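Worksheet for the structure shown next.
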Amino acid sequence: MAAPYDLKDDSVVVIIGSGAGGGTLGNELAQKGIDVVILEAGARHEYEDFINDEWESFGQLAWVDKRTTSGDWRVAKDFPNLPAWIVKSVGGSTTHWAGASLRFQDHEFQALTHYGKVKGANLLDWPITLAELEPYYAKAEDKMGVTRTNGIEGLPGNNNFKVLKAGADKLGYKECNTGHMAINSAERDGRMSCQQTGFCFQGCKWGAKWSTLYTEIPKGEKTGKLEVRPNSMVQKIEHDKSGKVTGVLYVDKDGKQQLQKARVVAVAGNSIESPRLLLNSESSMFPDGLANSSGQVGRNYMRHTTGSVYAVFEKPVHMYRGTVMAGIIQDEARHDPSRGFVGGYEMETLALGLPFMAAFLDPGGWGRSFTSALDQYVNMAGMWIVGEDMPQADNRITLHKDEKDKYGLPIANVNFSDHANDIAMRDYAYQRGQELYKSVGAVRTFPTPPYPSTHNLGTNRMSEKAKDGVVNKNGQTHDIKNLFVSDGSQFTTGGAENPTLTIVSLAIRQADYIAKEMAAKTI
Ligand SMILES: Cc1cc2nc3c(=O)[nH]c(=O)nc-3n(C[C@H](O)[C@H](O)[C@H](O)COP(=O)(O)OP(=O)(O)OC[C@H]3O[C@@H](n4cnc5c(N)ncnc54)[C@H](O)[C@@H]3O)c2cc1C
Ligand code: SF4
């Protein structure tokens with residue numbers, strides 16, 4: 001068979017979502033000769049279509065369908081209907097992302113073993129180790145062209161990096177460089193090198209930054225074995241009397257409901273939509289939703305302990321020029337409870353454009369202090385803090401009791417409260433970040449609260465035992481053999497590192513497993 005596929009073709013693997021997990025899995029399976037249909041809720045915008053304006057670009061790419069929030073996190077107050085910054089577009093959040101691509105550290109796969117029981121946290125060891133994932137990390141780094149791997153040069157440092165590095169030296173940090181970035185520092189894989197234009201979150205108009213939109217997906221399509229259907233919102237996964245999944249119901253580009261048959265279904269809608277879809281797929285056989293015999297679907301939502309520190313200097317920095325996140329300090333990523341918390345965090349350069357800065361610096365803020373900070377925008381440097389947050393059973397995605405989307409399906413509510421460990425880590429990191437900038441002459445510093453979550457993790461977590469999670473070490477649901485989860489919702493714990501390299505590595509590994517099981521006819 002070859003693409004396009006018939007709706008009644010029940011030999012295809014259907015993947016829901018075309019981002020880091022789904023787009024990678026689709027290409028990997030297609031390369032192995034397996035027939036794949038990717039259903040993607042968003043439109044297909046090629047990189048020439050990206051818009052050079054922060055809010056307009058957000059409107060073009062982001063998932064802005066209504067969600068609700070609860071819990072004591074500040075995002076629920078500042079952005080009650082925008083808990084997460086996630087993309088709805090072919091390529092998923094790899095269109096908006098910044099490209100920071102780090103491997104997890106060994107101990108982070110065994111958080112429970114290393115940190116011990118932490119009150120209020122639902123810590124668990126991953127059912128896989130770093131050693132098992134290493135060969136797949138290597139493949140992912142090669143595929144994505146990650147700098148400082150495979151002999152690829154690091155990116156040049158912009159002014160924001162130079163300020164970070166000067167402060168890192170003053171504080172005695174040793175592990176500071178321009179990062180492991182999935183951004184070409186020289187022409188590679190038919191894509192050009194980074195042009196240092198900045199504003200990488202608006203999509204990279206040059207294609208220098210890896211995105212499944214213009215790497216994995218066209219490569220898969222070239223095989224003739226991958227069909228991507230944009231504007232196709234999956235509403236429900238169907239199953240037969242034996243409990244095997246048989247296909248998915250979706251609304252197509254013309255607003256018509258369609259049923260696409262499938263041999264295997266892989267859910268990769270990111271950590272809010274994936275559990276929402278499983279919960280919305282309830283049936284008389286699975287009244288609590290699909291793959292939810294453990295009651296864990298939607299639970300343990302993690303978003304990383306984030307926050308930013310901006311600082312104003314006497315002279316211009318122009319932090320917005322050059323690659324947004326090509327700058328990192330890794331010294332604080334270690335697990336060292338003497339700092340007052342378990343786990344660690346990274347410090348990464350981050351520049352927002354002026355419109356986003358106005359929205360995120362101090363949401364709701366006004367008056368002289370706030371406006372004078374914006375006046376000094378050109379003199380600002382900035383960093384992002386990204387650290388391991390604690391999984392908690394009640395930090396979870398649930399279906400809203402009353403509110404429905406335009407198709408009549410309950411929308412997602414995201415409940416999140418910071419764990420004491422998250423707060424201790426953030427406060428410590430704010431302190432260190434401010435010290436760093438003050439050590440090189442900052443005249444004002446701004447610890448900045450977390451904004452809507454870009455790292456969404458853990459709501460269909462991997463576990464050794466079926467009762468503790470939703471999927472096994474291959475992302476296969478414990479309950480249903482031919483139903484997989486292929487995105488960041490599989491994460492058992494979050495680690496300190498930006499998650500995408502791990503999502504891509506897991507997808508490459510999962511493709512091997514699915515191909516093997518299909519050949520053995522066990523799925
Ligand atoms: C501004 C920004 C900066 C970031 N920077 C970094 C970084 O530097 N490093 C890093 O590691 N990570 C970064 N991330 C996070 C990274 O983008 C995500 O971790 C990653 O893309 C998640 O992959 P995923 O497969 O889980 O989901 P996504 O890539 O979000 O893909 C999910 C896709 O599924 C689709 N979908 C959802 N539900 C349905 C449905 N029912 N039917 C059909 N389609 C559906 C969505 O439309 C979406 O396209 C950043 C994210 C943002 C927003
Ligand atoms: S700075 Fe580099 S990676 Fe970022 S958008 Fe410009 S060319 Fe792309």
Side-chain angles (χ1 to χ4, degrees), residues 15-25 38-43 47 50 52 58 61-63 65 84-102 155 158 179-185 191-213 229-237 248 250-251 267-274 276-277 280 304 321-326 348 350 352 356 384 386 405 407 409 412 451-457 485-491 497-504 506-507:
I15 301 174
I16 301 155
S18 62
T24 304
L25 179 66
I38 295 185
L39 297 172
E40 166 54 55
Y47 61 70
F50 291 156
N52 260 336
F58 185 83
L61 298 173
W63 187 290
D65 304 24
W85 182 357
I86 291 179
V87 171
K88 181 182 191 178
S89 181
V90 174
S93 306
T94 67
T95 54
H96 258 321
W97 83 313
S101 301
L102 303 171
L155 286 160
N158 64 359
H180 285 65
M181 304 297 294
I183 294 177
N184 282 350
S185 55
R191 291 180 293 115
M192 67 195 295
S193 66
C194 176
Q195 302 299 299
Q196 298 291 321
T197 39
F199 300 96
C200 312
F201 293 168
Q202 296 167 23
C204 177
K205 277 186 168 282
W206 309 94
K209 177 182 82 176
W210 178 86
S211 167
T212 54
L213 171 65
R229 282 182 215 154
N231 301 302
S232 301
M233 173 73 190
V234 178
Q235 299 178 293
K236 190 172 182 169
I237 302 168
V248 305
Y250 72 100
V251 180
V267 184
N270 207 322
S271 298
I272 298 178
E273 288 311 305
S274 288
R276 175 182 175 225
L277 178 61
N280 270 330
H304 274 151
R321 294 182 183 164
T323 326
V324 168
M325 207 167 259
E348 300 173 349
L350 175 67
L352 297 172
F356 272 23
W384 198 44
V386 50
D405 66 11
Y407 310 114
L409 288 172
Y451 47 76
S453 320
T454 52
H455 297 177
N456 296 275
L457 306 166
V485 174
S486 315
D487 59 15
S489 68
Q490 297 169 84
F491 282 33
E497 292 73 24
N498 315 54
T500 306
L501 181 73
T502 303
I503 296 173
V504 172
L506 289 172

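It should be emphasised that the depicted structure is a prediction, and the values quoted were computed from it without experimental measurement. As the structure lists them, so they are numbered: ligands from 1, and atoms in each ligand from 1.
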So which protein heavy atom does atom 27 (O) of ligand 1 come closest to, and at what separation? N270 ND2, 3.4 Å
When you measure from atom 26 (O) of ligand 1 to each heavy atom in I237, D487, I183, which option holds the nearest one? D487
Do you see an N/O/S atom of T197, backbone or side chain, under 2.8 Å from atom 6 (Fe) of ligand 2? yes
For atom 2 (Fe) of ligand 2, what's the nearest protein heavy-atom neighbour? Residue, atom name and distance, please. C194 SG, 2.3 Å
Which of the ligand 1 atoms, numbered from 1, are nearer than 4.0 Å to a heavy atom of M325: 8 (O)
Per-atom contacts, ligand 2 versus Q195 - under 4.0 Å to a heavy atom: 2 (Fe), 7 (S)
Are side-chain heavy atoms of T212 and T24 found at a separation under 4.5 Å? yes
Mind checking whether Y451 and W384 have parallel, tilted or perpendicular rings, split at 30° and 60°? parallel
Identity and distance of the protein heavy atom lying nearest atom 13 (C) of ligand 1: H455 NE2, 3.6 Å
For the side-chain contact (heavy atoms from CB on, under 4.5 Å) test, which of I38, I237, D487 pairs with I16? I237
Quick test: of every protein heavy atom, which one is nearest to atom 8 (Fe) of ligand 2, and how far off is it to 0.1 Å? C204 SG, 2.3 Å
Can you report which non-hydrogen protein atom sits closest to atom 12 (N) of ligand 1, along with the distance? T500 OG1, 2.8 Å
Taking only heavy atoms of G198 into account, list the atoms of ligand 2 that are under 4.0 Å away from them. 1 (S), 5 (S), 6 (Fe)
So if I count the atoms of ligand 1 from 1 in the order they appear, which ones are less than 4.0 Å from some heavy atom of L39? 43 (C), 44 (N)
Test item, V87 contacting ligand 1 (heavy atom, 4.0 angstrom): yes
Heavy-atom contacts with A268 under 4.0 Å: which atoms of ligand 1 show up? List them by number with element. 32 (C), 33 (C), 34 (O)
Note: ligand 1 atoms sitting under 4.0 Å from heavy atoms of I503 are 19 (O), 22 (C), 23 (O)
Closer than 4.0 Å to some heavy atom of H96 - which atoms of ligand 1 meet that? 1 (C), 2 (C), 3 (C), 53 (C)
Closest approach of K209 to C200 (non-hydrogen atoms, all atoms of both residues): NZ-O, 2.7 Å
Mind checking whether atom 2 (Fe) of ligand 2 has an N, O or S of C200 under 2.8 Å? no
Protein contact to atom 38 (N) of ligand 1 [nearest heavy atom, distance to 0.1 Å]: E273 CB, 3.3 Å
Within ligand 1, which atoms have a heavy atom of G21 less than 4.0 Å away? 25 (O)
When you measure from atom 21 (O) of ligand 1 to every protein heavy atom, which one gives the shortest distance, and what is it? S93 CB, 3.3 Å
Selection from G22, G488, A20, A100 by shortest heavy-atom distance to atom 8 (O) of ligand 1: A100
Which ligand 1 atoms are under 4.0 Å away from a heavy-atom of A41? 43 (C), 44 (N), 45 (C)
Taking only non-hydrogen atoms of P499 and a 4.0 Å limit, the atoms of ligand 1 in range are 10 (C), 11 (O), 12 (N), 19 (O)
Using the ring-ring contact (aromatic ring centres under 6.0 Å, His included) definition, which of the options W85, F201, F199 pairs with F356? W85
Tell me which one of R276, M233, K236 satisfies side-chain contact (heavy atoms from CB on, under 4.5 Å) with L409. R276
Taking atom types as modelled, find out whether W97 and T500 have a side-chain donor-acceptor pair closer than 3.5 angstrom. no
Does W63 come within less than 4.0 angstrom of ligand 1, counting non-hydrogen atoms of the residue? yes
With a 3.5 Å cut-off and no angle check, do the side chains of S211 and T94 form a donor-acceptor pair? yes
Would you say S232 and E40 are linked by a side-chain donor-acceptor pair, where the criterion is simply a distance under 3.5 Å? no
Can you find a non-hydrogen atom of S274 under 4.0 Å from ligand 1? no
